[in-house]
Every structure is written in structure tokens, then in C-alpha cells.
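In listed order, ligands and their atoms are each counted from 1. Count residues from 1 along the sequence.
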Amino acid sequence: SHALRLWGSGPSVWHKNYPVAQGNRQSPIDIVPHQALHDPSLGPVVLNYDQCTSMNITNNGHSVVVQFDDSDDRSVIQGGPLDNPYRLKQFHFHWGEKGCHGSEHTVAGNSYASELHLVHWNAVKYKTFGEAATAPDGLAVLGIFLETGDDHRWLHVITDALYMVKFKVSTTVNCFNPKCLLPSSLHYWTYLGSLTTPPLHESVIWIVLREPIIVSEKQLGKFRMLLFTGEEEDQRIRMENNFRPPQPLKGRKVRSSI
Ligand SMILES: O[B-]1(O)OCc2ccc(NC(=S)NCc3ccccc3)cc21
Ligand SMILES: [Zn+2]
């Protein structure tokens with residue numbers, strides 16, 4: 001698909017088209033809990049998600065994305081390391097082809113089966129998502145690890161819709177509130193980083209939750225049957241391993257709310 005050609009054969013060659021790939025605040029990173037600085041001034045993260053701002057689910061050729069109506073402040077994240085509310089724009093997943101590889105961030109060298117990214121943008125300071133996506137404090141992404149175990153009772157709403165977006169297409173999904181995908185504890189690590197996919201803009205305040213959510217192998221399997229390719233293309237490339245490996249910390253400090 002165009003994304004694969006544009007992005008080359010993967011993370012190791014992205015720097016050719018996107019030199020920022022070798023920048024000083026790239027993501028993901030390996031989070032080492034006992035080296036994180038506990039910052040007592042870090043308050044709780046607050047999520048105010050409206051029931052019905054979800055719009056569609058799309059296979060965009062490199063992940064599956066649920067887009068939200070971000071024309072007002074109905075669904076925002078605030079508090080924690082954030083100076084103002086950030087508007088929910090989309091969420092998407094990264095996963096592997098089997099077992100416990102697939103997350104982007106790792107914790108003391110350990111990776112999880114998958115990672116959910118809830119993407120928000122600073123609509124107080126910037127007029128559009130595109131403008132925010134290139135600003136150092138433009139985006140706030142909540143990262144949630146997925147671990148295999150029992151069925152996740154709400155993830156079904158997403159995984160049952162994936163067969164409709166097997167190829168690079170979009171379909172509507174309404175009234176899905178991603179608050180149902182949060183773990184019970186909102187303890188987090190936070191650091192300044194970037195998009196983990198091209199254009200790799202260094203515009204993300206990362207908030208990574210310590211507690212994973214549990215999903216079943218069967219639910220994860222439905223992500224793995226998605227294709228990078230479009231229906232019209234003859235070669236069928238399964239969408240898996242769409243995660244970037246950890247990048248150098250380059251002196252950054254990771255703070256913890258824990
Ligand atoms: O690194 B991530 O996978 O996790 C965090 C995150 C946030 C956003 C994206 N990409 C998007 S929204 N691209 C479209 C776009 C990018 C830049 C400007 C306009 C439009 C990927 C990731
Ligand atoms: Zn992501």
C-alpha cells in the first residue's frame with residue numbers, strides 16, 4: 001500500500017524520508033520504573049469523554065483507527081502533566097503477530113501484546129490538529145498496554161467491527177466511549193516524545209498507564225487478520241507488527257505519578 005512505499009520497509013529506514021527519526025525526543029522508549037522520578041506535583045489524569053462523539057473506524061493501511069468529532073470540547077483529557085484540556089481526535093492500536101510482542105513502549109525491557117493510543121490535541125493553543133501535531137506541546141497521547149487473558153467485555157464492540165475493515169476501508173461506529181477501555185488504576189509515567197509513525201513529529205506529551213487491560217487471544221487475533229493492502233491489490237499482506245521499537249532516551253527524564 002502507499003503507506004508501505006512512503007514509509008519504506010519499516011522503522012529502520014524512516015530516517016531517510018523523515019530525518020527527525022534520529023531526533024532528541026523520539027518515541028517509544030523503554031520505561032524503567034525505578035529510574036523514573038516520582039513527581040508529587042503530578043496530579044491525576046482526568047478524562048471527560050462524551051458518550052457519542054465517535055464517528056468511524058478505518059483501516060488506514062498501517063493501523064485501525066476510530067475517529068472522533070473533535071469540533072468542540074465534548075471529549076477531553078486534562079490534569080496530570082497537561083496545562084490545559086486536550087481534545088480527543090482518534091484512538092488506534094499497535095500489535096504483533098503472536099505472544100507478548102506488539103506494544104511500542106516497553107517496561108524494564110518487557111513488551112506487551114499490544115498498545116492502545118488515545119490521541120488528543122491542544123485546541124486551546126492551536127487552531128487545527130495539523131498545526132498542533134507539529135508543536136512541542138501540541139499532542140497528548142494516552143498509552144494503554146494490552147495483555148492477553150480473559151475476554152475484554154467492551155473491546156468486542158471494536159473487534160466485532162474489524163471484519164468490515166479487513167481491507168483499507170472505513171465504516172461508521174457510533175456512541176463508543178473509549179472510557180470503557182481504561183484499566184482500574186490511572187497511575188502513569190509521563191515524558192516528552194513523538195509520534196511513533198511517520199511524520200514522527202516531536203509534538204507528543206506521553207502519558208503511559210502502568211496497569212494493562214486484559215483482552216483475549218481471540219480478540220487480539222481479529223486485529224491480526226486485518227490487511228495492510230487494499231481489496232484491489234493482488235498481494236495480501238497481513239497487518240501485524242505495526243510497532244516501532246524503543247528509541248534512545250537522549251537524557252530525557254521520565255516522571256511517575258506513582
Ligand atoms: O505515534 B502514534 O502511532 O501514536 C501517537 C500518534 C498520534 C498521531 C498519529 N498519526 C496521525 S494522527 N497521523 C495523521 C496526521 C499526522 C500529522 C499531521 C496531520 C495528520 C500517530 C501516532
Ligand atoms: Zn500509535
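Within the 4.5 Å cutoff, the side chain of T190 has heavy atoms near those of the L42 side chain. With contacts defined as side-chain heavy-atom distances shorter than 4.5 Å, the pair F91/F68 qualifies. Within the 4.5 Å cutoff, the side chain of P33 has heavy atoms near those of the W189 side chain. Side-chain contact check for S194 versus V20: every heavy-atom pair is 4.5 Å or farther apart.
Contacts of L195 with ligand 1, taken as heavy-atom pairs under 4.0 Å, involve both backbone and side chain. Residue-level proximity to ligand 1 for T196 is carried by backbone and side chain together, each with a heavy atom below 4.0 angstrom.
Proximity of V204 to ligand 1 is not established, as no heavy-atom distance is less than 4.0 Å. Ligand 1 does not have K89 within reach: every non-hydrogen atom of the residue lies 4.0 Å or more from it. The shortest separation from a heavy atom of R244 to ligand 1 is not under 4.0 Å, leaving the residue out of contact.
Residue-ligand proximity, H94 to ligand 1, at heavy-atom distances under 4.0 Å covers atoms 3 (O). Each of the atoms 5 (C) of ligand 1 lies under 4.0 Å from some heavy atom of V141. Within ligand 1, the atoms closer than 4.0 Å to a non-hydrogen atom of Q90 are 12 (S), numbered from 1 in the order shown.
Under the 4.0 Å distance rule, the nearest protein heavy atom to atom 14 (C) of ligand 1 falls outside the cut-off.
When rounded to 10 degrees, the angle formed at the Zn ion (ligand 2) by NE2 (H94) and NE2 (H92) equals 110°.
Remark: minimum distance from atom 18 (C) of ligand 1 to any protein heavy atom is reached at A133 CB, 3.8 Å. Looking from atom 20 (C) of ligand 1 to the surrounding protein, the closest heavy atom is F129 CE2, 3.8 Å. Nearest protein heavy-atom neighbour of atom 16 (C) of ligand 1: P199 CD, 4.0 Å. Among protein heavy atoms, the minimum distance from atom 21 (C) of ligand 1 is reached at T197 OG1, 3.3 Å. If you check which protein heavy atom lies closest to atom 4 (O) of ligand 1, you get H117 ND1, 3.1 Å. The single protein non-hydrogen atom nearest to atom 22 (C) of ligand 1 is H92 CE1, 3.7 Å, given as residue, atom name and distance.
We find that E217 and R224 are joined by a salt bridge, their nearest charged nitrogen and carboxylate oxygen being less than 4.0 Å apart.
Atom CH2 of W206 is separated from atom CZ of R252 by 11.5 Å, given to the nearest 0.5 angstrom. Rounded to the nearest 0.5 angstrom, Q247 CD and I29 CD1 are separated by 10.5 Å.
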Worked check of side chain to side chain contact (heavy atoms under 4.5 Å, CB included) between Y112 and H94
CA-CA 10 Å; Y112 287 87; H94 301 265; over 6 Å; no

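Residues forming a side chain to side chain donor-acceptor pair (under 3.5 Å) with H152 (at least two apart in sequence, or on another chain): none.
Checking side-chain atoms of N59 against main-chain N and O of V64 turns up no donor-acceptor pair under 3.5 Å. No donor-acceptor pair closer than 3.5 Å links the side chain of Q67 to the backbone N or O of M55.
Closest approach between the Zn ion (ligand 2) and any N/O/S atom of H117 involves ND1.
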